[in-house]
Amino acid sequence: MPQKKITIAVDGYSSCGKSTLAKDIAKALNYAYVDTGAMYRAVTLYALNNGLINGKQLDVESLNDELDDIHIRFTFNPETGVSEIFLNEELVEQQIRQMDVNDWVSQVAAVPEVRRKMVSLQQQMGKEKGISMDGRDIGTTVFPDAELKLFMTADLEVRARRRRDEMVSKNMQASLEEIKANLLHRDQEDMSRQESPLRKADDAIILDNTNLTREQQLAFALEKASRFIG
Ligand code: DC
């Protein structure tokens, strides 16, 4: 009998390894994977590249006016085995991880019109189920009916070191202190925004991976998923 396809929402704080886990789950179950943070990052990159961020100010009005000009899509790359993000037909997988994007993404992600557009795209991508999606509001707003909701957390020091290692592996520079400050700042902004703030859905399962290996966290998630898949 074919396995039942479900929706898996992976939410939580910045740099807890949400995308690593959501990707591993998708691979194990042969599901699609969507990194929703990459979508908000791509909109932020658009704003930075098109003069919508000047000094300390995000021009929300112009961003809203230009929303229809922002086209985001993912395409699976069989060579790397992951889907890559395109902004207006340009591959921006690397650029969206830069520090200036990190610095602005929470403000861009707080704009209600931006969120509405992204949420609608995400719902479209997941309408057939069989999807593992990571973000901040997947279990609360995008897929409130998701069968499995995981809410990830980890010690700040561990999160900052993981983010630094990820950046170093991509030849990007940032100090541990700078990264820590950025993580705290983003979590604060994500939790305090009006429109779908970061919060644990009532029916989400907490997964603290401070002391877990990648294999252990995947085993935990798959065991929970198996209850729904049968
Ligand atoms: O997961 P990430 O660090 O790449 O996400 C980048 C930012 O995007 C993060 O600071 C919060 C925002 N975000 C969001 O508001 N909602 C989502 N579903 C995903 C990300």
Side-chain angles (χ1 to χ4, degrees), residues 7-23 33-48 53 58 60 63 70 72 74 82-85 87 92-126 131-144 146 149-154 156 159-160 162-167 170 172 174 178-201 204 207 209:
T7 302
I8 300 176
V10 182
D11 289 303
Y13 299 103
S14 292
S15 282
C16 281
K18 296 184 297 297
S19 44
T20 301
L21 176 63
K23 238 182 265 175
Y33 161 67
V34 176
D35 172 358
T36 63
M39 299 169 73
Y40 292 97
R41 287 173 177 273
V43 177
T44 307
L45 185 66
Y46 177 92
L48 283 162
I53 293 172
L58 166 68
V60 175
L63 178 60
I70 303 178
I72 291 170
F74 288 96
V82 288
S83 355
E84 294 172 333
I85 191 161
L87 166 65
V92 291
E93 199 57 41
Q94 290 284 329
Q95 295 174 54
I96 60 165
R97 312 284 162 198
Q98 290 161 4
M99 209 60 197
D100 54 348
V101 174
N102 285 345
D103 288 340
W104 283 96
V105 64
S106 286
Q107 277 201 53
V108 171
V111 176
E113 290 79 0
V114 170
R115 297 206 73 79
R116 262 168 246 152
K117 176 169 171 151
M118 296 304 120
V119 167
S120 152
L121 277 171
Q122 291 151 12
Q123 289 171 334
Q124 192 66 24
M125 293 174 193
I131 195 155
S132 167
M133 192 176 274
D134 86 90
R136 304 295 189 290
D137 61 341
I138 313 306
T140 52
T141 304
V142 182
F143 296 122
K149 299 179 186 178
L150 297 169
F151 190 86
M152 292 182 72
T153 174
L156 177 66
R159 290 159 56 198
R162 286 181 190 152
R163 176 65 66 149
R164 187 193 50 190
D165 292 348
E166 184 194 351
M167 292 181 77
K170 290 177 180 163
M172 289 185 235
E178 204 181 347
I179 293 171
K180 247 193 260 179
N182 178 264
L183 291 183
L184 281 177
H185 172 72
R186 280 202 289 145
D187 286 344
Q188 202 49 48
E189 294 233 342
D190 294 341
M191 285 188 289
S192 58
R193 68 171 170 243
Q194 289 285 317
E195 184 103 1
S196 50
L198 165 65
R199 72 168 179 84
K200 179 188 150 319
L207 170 49
N209 70 1

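Treat the numbers as computed from the prediction; the structure is a model and nothing was measured. Just so you know, ligand 1 is whichever comes first in the structure, and atom 1 is the first atom listed for that ligand.
Under a 4.0 Å heavy-atom criterion, Arg193 is in contact with ligand 1. Residue contacts with ligand 1: Glu195 is excluded, as none of its non-hydrogen atoms falls under 4.0 Å.
Between Lys18 and ligand 1, not a single N/O pair is under 3.5 Å apart. The N/O atoms of Ser14, backbone and side chain alike, include none that comes under 3.5 Å of an N/O atom in ligand 1. At a 3.5 angstrom cut-off on N or O pairs, Arg115 counts as close to ligand 1. Considering backbone and side-chain N/O of Asp134, none are found under 3.5 Å from N/O of ligand 1.
Atom 18 (N) of ligand 1 has Asp137 OD1, 2.8 Å as its closest protein atom, hydrogens excluded (heavy atom only). Taking atom 19 (C) of ligand 1 as the reference point, the nearest protein heavy-atom neighbour is Thr36 OG1, 3.3 Å. In this structure, the protein non-hydrogen atom closest to atom 9 (C) of ligand 1 is Arg136 NH2, 3.3 Å. Counting protein heavy atoms only, atom 4 (O) of ligand 1 is closest to Arg41 NE, 2.7 Å. Annotation: atom 12 (C) of ligand 1 to nearest protein heavy atom, Ala109 CB, 3.8 Å.
Shown in contact with Asp190 at under 4.0 Å from a heavy atom are these atoms of ligand 1, numbered in order with element: 9 (C), 10 (O), 11 (C). Residue-ligand proximity, Ser106 to ligand 1, at heavy-atom distances under 4.0 Å covers atoms 10 (O). Ligand 1 places these atoms under 4.0 Å from at least one heavy atom of Tyr40: 8 (O), 13 (N), 14 (C), 16 (N), 17 (C), 18 (N), 19 (C), 20 (C). Close contacts of ligand 1 with Arg163, meaning ligand atoms under 4.0 Å from a residue heavy atom, involve 3 (O).
Exactly one of Arg159, Lys180, Arg199, Arg136 qualifies for a salt bridge (charged side-chain N to carboxylate O under 4.0 Å, His left out) with Asp187. That residue is Arg159.
Using a distance-only test at 3.5 Å, with no hydrogens or angles considered, no donor-acceptor pair links the side chain of Asp190 to the main chain of Tyr13. Of the possible polar contacts, one joining the Lys149 side chain to the Gly139 backbone as a donor-acceptor pair under 3.5 Å is found. A donor-acceptor pair is defined here as one N or O able to donate and one able to accept, closer than 3.5 Å; no such pair exists between the side chain of Ser14 and the backbone of Leu183.
The option from Asp187, Val105, Asn102 that lies nearest to atom 7 (C) of ligand 1, judged by heavy atoms, is Val105. For atom 6 (C) of ligand 1, the choice among Arg186, Met133, Gln122, Glu189 with the nearest heavy atom turns out to be Arg186.
Nearest heavy atoms, Arg115 versus Ala109: NH1-O, 2.6 Å.
One finds the CZ atom of Arg116 at 11.5 Å from the OG1 atom of Thr141 (value rounded to the nearest 0.5 Å).
With hydrogens and angles left out, the side-chain atoms of Asn102 and Arg41 include a donor and acceptor closer than 3.5 Å. At a cut-off of 3.5 Å, with distance as the only test, a side-chain donor of Asp134 or Tyr33 sits close to an acceptor on the other residue.
Taking 4.5 Å as the limit, some side-chain heavy atom of Gln94 sits within range of a side-chain heavy atom of Lys170. For the pair Leu21/Leu207, a side-chain contact is recorded, criterion being any heavy-atom separation below 4.5 Å from C-beta on.
Identified under the salt bridge (Lys or Arg N to Asp or Glu O under 4.0 Å) test for residues 100-113, with sequence neighbours left out: none.
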